[in-house]
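What follows is a set of notes on a single structure, which appears directly below.
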Amino acid sequence: MLTITLPDGSKREFDQQLTVYELAESIGPGLAKAAIAGKVDGELVDTSFEISQDAEVAIITSRDQEGLEIIRHSCAHLMANAVQNLFPSAQVTIGPVIENGFFYDFAFERSFTPEDLEAIEKEMLRLSKEGLTVNRSLMSRDEAVAMFKEMGEEYKVQIIESIPDEQGLSFYKQGDFIDLCRGPHVPNTSHIKAFKLMSVAGAYWRGDSNDEMLQRIYGTAWTDKKELKQYLHLLEEAERRDHRKIGKKLNLFHFQEEAPGMVFWHPHGWRIYQITKQYMQTLFEENGYQEINTPQLVDYSLWDKSGHSAKFAEHMFSVESDSRMYAIKPMNCPCHVQVFNQGLKSYRDLPLRLAEFGSCHRYEPSGSMHGLMRVRSFTQDDGHIFCTEDQIQGEVSEFIDLVYKVYKDFGFEEIILRLSTRPEQRVGEDEEWDQAEAALQEALDNTGRDWQLLPGEGAFYGPKVEFALKDCMGREQQCGTIQVDFSMPGRLGAQFVAEDNTRHTPVMLHRAIFGSFERFIGILIEHYEGAFPVWLSPIQAMVLNITDKQADYCEKIVDSLKNKGFRVESDLRNEKVGFKIREHTVQRIPYLLVAGDKEVDANTVSVRDRTGNDLGVMDIAQFEALLQQDIENYSRT
RNA sequence: GCUCGCAUAGCUCAGGUGGUAGAGCGCAUCAUUGGUAAUGAUGAGGUCCCCAGUUCGACUCUGGGUGUGAGCACCA
């Protein structure tokens, strides 16, 4: 007798053991058809799995997240199958599930072309339609090695050899194609219906840049065609929002060959930059930071002392002058310690918070640069807090609150918190680490929010908290961070006099909220698709005349709004008002004010927003109030 | 840095078996003074990314470089 408990709590009894598939069948033929896998006592298994004792069992279909992942995984196998059908000399390696899809890495004598992808996709479709049964089998490691050796699959042999042979290895076979896999997999290739191959790219074997490069094919797979279509649509939207495109369209910035990875900010882009900077400057003032500024060029001796040149010399720009070698500063912290070191500090001075809009240059690898998101010249909203160990938690707590406020003001509601703790290679005493990690953890717990733990991911000099925000497309963007540093203050000779007149080394907290202005503005551009909230808009309102007759009136309105501190301009060109409206709407200007004879006579303007809403006719005072309100509450219209 | 692709007018992009190129938008000039997402006409714009090589001749083919895109690796 066998009792199976289903997810709804109902129980079913069976005389003898049965497979997941048979269980699904006993519930209903529709479910049996839809069954992709089973979950037996919390463990995912194939539909062919034999249930031999009392258990809680769920039937997994494509509607479950796990079901979708199994489909994606099986789709990776389907692709490998298709590739080997078409290109027998291609060797298989690994093919995991990733966000929205899967990839599979092949070793092949040449790279795959877009035409190859089409052919592979076609072959996959054929195999899917054929409805091949997918069978699981077990093999000992030696058997498996022998089999793949015979097949000439060198990479697979390496993988298998690196797995400990305990209860045998599982293999999945469909048609002639067999692959090592933990599974589970769909019972039949016909379950894989909605997929598309997206791109080919090189990827290192085992992810190691010293190893050879393989051919990676990326694909996406979904439950049905509709979901696939939705996903492809989302990708199109992401492309529309690409900050590089919008930056060009809205004339915010450009890059050119002579200065790779360095931004030429145009007037409107620079305005956004200045507004975010002024925002941060106010925030610094309100939160006990003192703004400083430190040199761009600093002699290598300082970078030797700080340890940066030993680790990052290849990524630093150098300048030689008067036969001395300088680095263009790649970071601000050593300079901040120099400021701290001027004058003997007392425990009464702590915590000492120094902030800098620190312009840094790093020689980033050419292939890593990406628009504003990763550049070689950037400015951090950098800050360093010199404090005692006891002060860490309080400082971190305050900082977390600050980060939430800032991200909210900029329109980001969802924030992910991560704590990275001690790595194997590290400096500092374990006691210090214990204390610092506990302080960070407590600060996180005090927020009452969820946070993730990343054990071993901390920097060699101390643990850290990282802040990732979610943009409107649901993409995570890591921006802010606060890091405890046990190392640098000591290396650079920072000290303070304690209550008992002994000298101590302060702890240094590195912290940033935007990360870099460049990247943060890139994120803002994509988040808002260029339609910045009024408080960030380079131009908040454009005043349009209908004929030359209203030109003076328009200028008068612009002057009066400008005098109040609003960013307003006029467009008095000899064009039809419809043309001007189109142009400035495309430029995402929040408000368009139209003045014709009627408005001149009544001393009003006709107001329209960039989404096409007609806000009616109002006088200037009313419009000012409207703007003011938007600005004060960081409105996102 | 690695793999693969791309580089043509200010922008977005066409184009040609090797004989120096074209559209739309933008820009300029003129006409037009028009009420809420594109008024019309005319015109000016090009070292076809750079450097070598092959060739009677290279924007086109070959090699090298630079930049850039997707991904990998890296990211103090």
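In what follows, chains carry the letters A, B, and so on, assigned in the order in which the sequence lines appear, proteins first and then strands, with residues in each chain numbered from 1.
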TODO: Not counting sequence neighbours, which residues clear side-chain contact (heavy atoms from CB on, under 4.5 Å) with A:Lys196? List them please.
DONE: A:Glu121, A:Met198, A:Thr220, A:Leu228, A:Leu232

Open item on the list: If only side-chain N and O atoms count, and only distance matters, is there a donor-acceptor pair under 3.5 Å linking A:Glu518 with A:Gln380?
Closed with: no

Task: Pairing residues for A:Tyr204 by the side-chain contact (heavy atoms from CB on, under 4.5 Å) criterion, not counting sequence neighbours - done: A:Ser209, A:Met213

- [ ] Using atom CD1 of A:Ile546 as one end and atom P of B:G35 as the other, report the distance to the nearest whole Å.
- [x] 7 Å

Task: Separation of B:U36 P from A:Gln550 CD (nearest whole Å) - done: 14 Å

- [ ] Can you sort out the partners of A:His266 under ring-ring contact (aromatic ring centres under 6.0 Å, His included), two or more places apart, ordered by chain and number?
- [x] A:His254

TODO: Record whether the side chain of A:Ser606 comes under 3.5 Å of the base of B:U36 through a donor-acceptor pair of N or O atoms.
DONE: yes

Open item on the list: Please report the distance separating the P of B:A70 from the corresponding atom of B:A28, rounded so that it comes out in whole Å.
Closed with: 34 Å

Open item on the list: To the closest 0.5 Å, what do you measure between CD1 (A:Ile589) and CZ (A:Arg610)?
Closed with: 9.5 Å

- [ ] Name all residues meeting the side-chain contact (heavy atoms from CB on, under 4.5 Å) criterion together with A:Pro295; count only those two or more places apart in sequence or in a different chain, and write none if there are none.
- [x] A:Val298

Task: A:Arg426 side chain vs A:Pro423 backbone, donor-acceptor pair below 3.5 Å - done: yes

TODO: Applying salt bridge (Lys or Arg N to Asp or Glu O under 4.0 Å), name anything that partners A:Glu364, two or more places apart in sequence or on another chain.
DONE: A:Arg374

- [ ] Over all heavy atoms of both residues, which pair between A:Ile513 and A:Phe399 is shortest? Give the atoms and the distance, please.
- [x] CG1-CE1, 3.5 Å

TODO: For nucleotides B:C2 and B:G46, find the distance between their C1' atoms and express it as a whole number of Å.
DONE: 35 Å

Task: Atom-pair distance (NZ on A:Lys580; P on B:A37), nearest Å - done: 14 Å

TODO: Do nucleotides 69-76 of chain B as a string where each nucleotide becomes B, S or -: B if the base has a protein heavy atom under 4.0 Å, S if just the sugar-phosphate does, - if no protein is that close.
DONE: SSBBBBBB

Open item on the list: Treating primed atoms plus P, OP1 and OP2 as sugar-phosphate and everything else as base, which nucleotides of nucleotides 38-51 of chain B get B, S or - for protein heavy atoms under 4.0 Å?
Closed with: BB------------

TODO: Under the salt bridge (Lys or Arg N to Asp or Glu O under 4.0 Å) rule, collect the residues that match up with A:Asp304, sequence neighbours excluded.
DONE: none

TODO: With heavy atoms under 4.0 Å as the rule, sort A:Thr113 into base, sugar-phosphate or nothing.
DONE: nothing

Open item on the list: Taking only the P atom of each, what is the distance from B:C50 to B:U55 in whole angstrom?
Closed with: 22 Å

TODO: Could you classify B:G45 for me, syn or anti, using a glycosidic angle within 90° of 0 as syn?
DONE: syn

Task: Euclidean distance for C1', B:C51 against B:U47 (whole angstrom) - done: 13 Å

TODO: Rounded off to whole Å, could you give me the CZ-to-P distance for the A:Phe264 and B:G67 pair?
DONE: 13 Å

Measure all distances between protein nitrogen or oxygen atoms and nitrogen or oxygen atoms of nucleotides 8-13 of chain B, and list the pairs falling under 3.5 Å.
residue, atom, partner, partner atom, Å
B:U12, OP1, A:Lys248, NZ, 2.9

Open item on the list: Below 30° counts as parallel, above 60° as perpendicular, anything between as tilted: where do the rings of A:Tyr407 and A:Phe467 land?
Closed with: perpendicular

- [ ] Using the P atom as the reference point in each nucleotide, state the distance between B:U60 and B:A9 in Å, no decimals.
- [x] 15 Å

Open item on the list: Using a 4.0 Å heavy-atom cut-off, does A:Glu599 contact any base of the nucleic acid, only the sugar-phosphate backbone, or nothing at all?
Closed with: base

Open item on the list: For B:U36, does the base pair up with any side-chain atom of A:Asp614 as donor and acceptor (N or O, under 3.5 Å, distance only)?
Closed with: no

Open item on the list: In whole Å, I'd like the distance from the CZ atom of A:Arg588 to the C1' atom of B:A37.
Closed with: 12 Å

Open item on the list: Taking any heavy-atom pair under 4.0 Å as a contact, classify A:Asn210: base, sugar-phosphate, or nothing.
Closed with: nothing

Open item on the list: Taking B:U68 as the reference, what is the distance to B:U8 when you measure between their P atoms (whole Å, please)?
Closed with: 14 Å

Open item on the list: Both A:Val594 and A:Gln215 contact RNA chain B. Taking the nearest nucleotide for each, which residue is further toward the 5' end?
Closed with: A:Gln215

Open item on the list: Can you classify the ring geometry of A:Trp222 versus A:Tyr231 as parallel (below 30°), tilted (30 to 60°) or perpendicular (above 60°)?
Closed with: tilted

- [ ] Would you please name every residue forming a salt bridge (Lys or Arg N to Asp or Glu O under 4.0 Å) with A:Arg582, sequence neighbours left out?
- [x] none

TODO: Mark yes or no for whether A:Thr93, through its side chain, and A:Asp105, through its backbone, hold a donor-acceptor pair below 3.5 Å.
DONE: yes

- [ ] Applying salt bridge (Lys or Arg N to Asp or Glu O under 4.0 Å), name anything that partners A:Arg588, two or more places apart in sequence or on another chain.
- [x] none

Open item on the list: Taking only the C1' atom of each, what is the distance from B:A76 to B:A14 in whole angstrom?
Closed with: 47 Å

Task: Paired and unpaired positions of RNA chain B as dot-bracket, Watson-Crick or G-U wobble under 3.5 Å, | denoting a partner strand - done: (((((((..((((.....[..)))).(((((.......))))).....(((((..]....))))))))))))....

Task: Nearest-Å distance once atom P is located in both B:C61 and B:C6 - done: 10 Å

